[in-house]
Amino acid sequence: MITKEALQFIEDLKLNNNTEWMHANKKRYEIFKKDYHQYIASLLAVMKPLDKSLEPLEVKNCTFRINRDIRFSKDKQPYKTNIGLWFSTNKNNKNSSGYYLHYEKGNSFLAGGIWCPEPSELKKIRKEIEFFHDDLENIVKETTFKNEFIELSKEEGNVLKNAPKGYDINHPAIDFLKLKSFTASQKIDDKLFLDKNFDVIISQKMIALKSLNDFLRRAVETEE
């Protein structure tokens, strides 16, 4: 679980999102960073036996910088005011499938899969679906997956209106082929992050995404 002090730091940062405040609270930030890393290490230790693809990961592979990239953003606030972690199934591929956990007061969630794959990777995923759509259909029909995530995410902007180029609109897996991202997510109660059984509860939810991640990793890593 995360500490109350870490969550309070994030809430205070929301109200004081500037470099002057951060410099004045450097010691608090260092404590927050230590808690953040311990939080990741604890959950990663539980997840590794459940998903062997995570074995190579270290805490440093799963963190996010607190500094925002504001070069092309109208929002010039310099710091992120959420706590995220990313467990990648292939640490050598920056956009591999994986597990993402996000704490943000009132907007916490768990997600997994691949978000906005590169064109070359999207092509491979669609090819895998074209020939092995039964595998993906069985994954999203799994009881554990359906209980936790219901279905793959189909938010606005993530689904093509027409069949992708080169695919028949009548293909039996056309709903999957139209997707531009291949993810599933669920809202998480903020209070869960302070639960003493947090690691066990979250890992049980995360592992429901393993079959989806395995399918996507297989697709991306297949040589054409």
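Keep in mind the model is a prediction, meaning the values are calculated, not measured. Along the sequence shown, residues are numbered consecutively beginning with 1.
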> Just how far is it from atom CZ of F149 to atom OG1 of T144, taken to the nearest 0.5 Å?
Replying inline: 9.0 Å
> At their closest point, which heavy atom of N82 faces which heavy atom of I10, and how far apart are they?
Replying inline: O-CD1, 4.1 Å
> V46 and S203: which non-hydrogen atoms are nearest, and at how many Å?
Replying inline: CG1-OG, 3.5 Å
>> Has N18 got a side-chain atom pairing as donor or acceptor with W21's backbone, closer than 3.5 angstrom?
In response: yes
> Pick from T183, V140, L136: which one makes a side chain to side chain contact (heavy atoms under 4.5 Å, CB included) with L212?
Replying inline: L136
> Would you say the side chains of N213 and T89 form a donor-acceptor pair under 3.5 Å?
Replying inline: no
>> Restricting to non-hydrogen atoms, name the atom on G113 and the atom on L216 that form the minimum distance, rounded to 0.1 Å.
In response: CA-CD1, 3.8 Å
>> Using 0.5 Å steps for rounding, measure from the SG atom of C62 to the OH atom of Y39.
In response: 11.0 Å
> Counting distance only, does the side-chain N/O of R217 pair as donor-acceptor with the main-chain N or O of N90 below 3.5 Å?
Replying inline: no
>> Do S88 and N61 have side chains that approach each other closer than 4.5 Å (heavy atoms only, starting at C-beta)?
In response: no
> Under 4.5 Å between any side-chain heavy atoms of D135 and R218, yes or no?
Replying inline: yes
> Among pairs that include at least one residue of residues 161-172, which meet salt bridge (Lys or Arg N to Asp or Glu O under 4.0 Å), considering only residues two or more places apart or in two chains?
Replying inline: none
> Going by heavy atoms in the side chains, are P117 and V220 under 4.5 Å from each other?
Replying inline: no
> Looking at side-chain heavy atoms only, is the closest gap between T3 and F32 below 4.5 Å?
Replying inline: no
> Taking everything shown except K76 itself, do over 12 heavy atoms lie less than 6.0 Å from its NZ?
Replying inline: yes
> Would you say K48's side chain and L57's backbone share a donor-acceptor pair under 3.5 angstrom?
Replying inline: yes
> Could you state the interatomic distance from CG (L85) to NE2 (H37), rounded to the nearest 0.5 Å?
Replying inline: 11.0 Å
> With ring centroids as reference points, do F176 and F182 lie under 6.0 angstrom apart?
Replying inline: no
> Nearest 0.5 Å, what's the OG-CG distance between S53 and D214?
Replying inline: 6.5 Å
>> Side-chain heavy atoms nearer than 4.5 Å, only ILVMFWY residues, links allowed to pass through others: does that put L54 and F198 together?
In response: yes
> Does a side chain donor of either E142 or N138 reach within less than 3.5 Å of an acceptor in the other side chain?
Replying inline: no
> Is there a path from L43 to V200 through hydrophobic residues (I, L, V, M, F, W, Y) whose side chains come within less than 4.5 Å of each other?
Replying inline: no
>> With side-chain contact (heavy atoms from CB on, under 4.5 Å) as the criterion, how do R28 and D12 come out once you've worked through the C-alpha distance, each side chain's angles and the decisive distance to 0.1 Å?
In response: CA-CA 11 Å; R28 285 188 67 193; D12 291 345; 3.0 Å; yes
> Who are the ring-ring contact (aromatic ring centres under 6.0 Å, His included) partners of H133, not counting sequence neighbours?
Replying inline: H171
> So, K187 versus N107: side-chain donor-acceptor pair below 3.5 Å or not?
Replying inline: yes
>> For a quick test of reading the model, state the closest non-hydrogen atom pair linking K80 to F64 and the distance between them.
In response: NZ-CB, 4.0 Å
>> For K4, I'd like to know if atom NZ has over 12 heavy atoms of other residues, nucleotides or ligands within 6.0 Å.
In response: no
> Which atoms form the tightest heavy-atom contact between L177 and R126, and what is the distance?
Replying inline: O-NE, 2.9 Å
> Is any side-chain heavy atom of F193 closer than 4.5 Å to a side-chain heavy atom of I188?
Replying inline: yes
>> Quick check: is I129 connected to I169 through a chain of hydrophobic side chains (ILVMFWY, heavy atoms under 4.5 Å apart)?
In response: yes
> Can you check side-chain contact (heavy atoms from CB on, under 4.5 Å) on I66 and Y36, steps first, answer last?
Replying inline: CA-CA 11 Å; I66 199 166; Y36 174 41; over 6 Å; no
> Can you tell me how far the CD atom of E121 sits from the SG atom of C116, to the nearest 0.5 Å?
Replying inline: 11.5 Å
>> With heavy-atom distances below 4.5 Å as the criterion, would you say the side chains of I31 and F9 are in contact?
In response: no
>> More than 12 heavy atoms of other residues, nucleotides or ligands under 6.0 Å from CD1 of I201: yes or no?
In response: yes
>> Which heavy atom of S153 sits nearest to which heavy atom of L179, and what is that distance?
In response: O-CD2, 3.9 Å
>> Counting neighbours of NZ on K14 that are heavy atoms of other residues, nucleotides or ligands and sit closer than 6.0 Å, is the number greater than 12?
In response: yes
>> Count I, L, V, M, F, W, Y as connected when their side-chain heavy atoms are under 4.5 Å apart, and connections chain through other members. Are L50 and F145 then in the same cluster?
In response: yes
> What distance separates K141 NZ from E151 CD, expressed to the nearest 0.5 Å?
Replying inline: 13.5 Å
> Going only through I, L, V, M, F, W and Y residues with side-chain contacts under 4.5 Å, is there a path from I202 to L7?
Replying inline: yes
> Between Y100 and F109, how do the two ring planes meet: parallel, tilted or perpendicular, split at 30° and 60°?
Replying inline: tilted
> For Y167 and K178, what are the C-alpha separation, side-chain angles and deciding distance, and is it a side-chain contact (heavy atoms from CB on, under 4.5 Å)?
Replying inline: CA-CA 10 Å; Y167 289 95; K178 284 182 178 181; over 6 Å; no
> side-chain contact (heavy atoms from CB on, under 4.5 Å) between I207 and Y99: does it pass, once the steps are laid out?
Replying inline: CA-CA 9 Å; I207 207 62; Y99 310 87; 4.3 Å; yes
> Do the non-hydrogen side-chain atoms of T222 and K124 ever get within less than 4.5 Å of each other?
Replying inline: no
> Hey, are the side chains of N67 and P78 touching, using non-hydrogen atoms and a 4.5 Å cut-off?
Replying inline: no
>> Centroid separation under 6.0 Å, is that true for the rings of F132 and F215?
In response: no
